[in-house]
Amino acid sequence: MTDLDSIVDGATHSFAQAQTPAELENAKALYTGKSGRITELMKGMAALSVEDKKSRGAAINLAKQAIETALNQRREALADQELQAQLKAEALDVSLPGRLRAPGGLHPVSLTMERIEQIFASMGFDVADGPEIETDWHSFTSLNNPPNHPARSMQDTFYVDMKGDDGIAYNLRPHTSPMQVRYAHQHVTKYAEGVKKGKPMPEIRVIAPGRTYRVDSDATHSPMFHQCEGLWLGENISFKDLKVVFTGFCRTFFESDDLALRFRPSFFPFTEPSAEIDIQFQSGPLAGRWLEVAGSGQVHPQVVRNMGLDPEKYIGFAFGMGPDRLTMLRYGVSDLRLFFDGDVRFLSQFQ
Ligand code: DAH
């Protein structure tokens with residue numbers, strides 16, 4: 001074996017030893033690098049005769065080509081090895097069944113809210129949304145419930161550590177009634193131009209569903225609960241309309257004509273007269289039972305004034321009902337708190 005053959009052999013061997021591209025490049029440097037074996041041999045040729053240079057040069061070139069061929073082969077082998085390793089590491093078994101993602105569904109109270117909105121929309125009511133962090137004025141004073149009025153204690157509430165323009169802390173609204181004044185105000189502002197030009201303002205007919213907050217917790221009360229306010233104000237809207245609208249709503253909501261409604265006298269600062277509305281089931285598991293579903297009444301003249309309207313001209317009714325309560329009744333749920341525990345086993349029954 002010539003010295004060149006053994007150099008080629010040595011190179012091939014050390015390339016085969018290299019396990020990574022970096023190791024391979026290091027091995028290569030020992031042969032064809034700046035001071036590699038082949039490069040050194042080339043330098044050594046300077047001392048040779050012209051004849052010898054030719055033959056020796058050709059032989060060295062052959063050896064160099066052989067080394068480069070071996071190098072390229074090893075480069076490809078290493079790249080291939082790397083690819084195989086990567087494919088193995090990222091192996092994907094396409095025969096595995098996919099992970100099942102159960103379809104979600106609406107919360108039972110949301111189902112009730114949607115139902116309420118649809119029924120009232122079909123009767124020509126607008127659906128409005130309002131803030132849960134309210135001013136003292138909207139939650140109480142504008143509803144004829146001034147500071148220090150004893151009726152305030154019935155709705156003892158949560159306060160926010162931030163004061164409004166009136167210097168009184170904001171509250172988490174204890175009912176949706178503030179939406180009566182908010183919405184009416186917007187309505188009056190919106191149609192003010194037309195009214196000036198002699199066009200009558202359209203009636204106010206709205207519901208305002210949403211979250212409300214009170215310091216309460218038992219089977220039929222939770223500190224966060226839902227209400228849906230209703231307001232119909234015009235020039236000739238009476239208690240009779242309240243009865244027709246509310247009875248119609250309940251019959252559609254409970255899908256039963258077999259319901260009796262009772263308007264029981266009550267007190268609210270923002271209505272006069274006021275009534276609580278009970279419904280009685282005539283048949284089924286709840287037959288004979290009266291259940292309170294809402295507070296209601298004829299809007300108090302002072303509240304109409306606070307809306308920016310003339311109580312001599314505008315008259316109407318309002319009500320506030322409990323969608324959580326309606327959901328309990330509709331599905332026969334005995335504890336309100338179940339709605340807010342987030343237990344999928346309970347919630348999935350409503351899908
Ligand atoms: N806001 C009252 C409550 O939370 C319910 C209520 C009563 C609303 C009479 C009304 C109403 O609009 O007219 O207890």
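Atoms within each ligand, like the ligands themselves, are counted from 1 in listed order. The analysis underlying the following values was restricted to heavy atoms, covering all of them including side chains, and did not include hydrogens, waters or symmetry mates. Everything quoted here is computed from the prediction, not taken from an experiment.
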For ligand 1, list all ligand N or O to protein N or O distances below 3.5 Å, rounded to 0.1 Å.
residue	atom	partner	partner atom	Å
ligand 1	1 (N)	His175	ND1	2.9
ligand 1	1 (N)	Ser177	OG	2.9
ligand 1	4 (O)	Arg214	NH2	2.7
ligand 1	4 (O)	Gln227	NE2	2.9
ligand 1	12 (O)	Gln180	NE2	3.0
ligand 1	12 (O)	Glu229	OE2	2.6
ligand 1	12 (O)	Phe319	N	3.4
ligand 1	12 (O)	Phe319	O	3.3
ligand 1	13 (O)	Ala318	O	3.2

Quick check: do Val188 and Val195 have side-chain heavy atoms less than 4.5 Å from each other? no

Quick test of your reading of the model: are Glu25 and Arg75 salt-bridged, counting only N-O distances below 4.0 Å? yes

Of all heavy-atom pairs between Pro323 and Gln227, which one has the smallest distance, and what is that distance? CD-CA, 3.5 Å

Electrostatic pair Arg115:Glu255 at N-O distance under 4.0 angstrom: yes

Salt bridge flag under 4.0 Å for residues Lys43 and Glu40: yes

Could you tell me whether Arg37 and Asp9 make a salt bridge, using a distance below 4.0 angstrom between a side-chain N and a carboxylate O? no

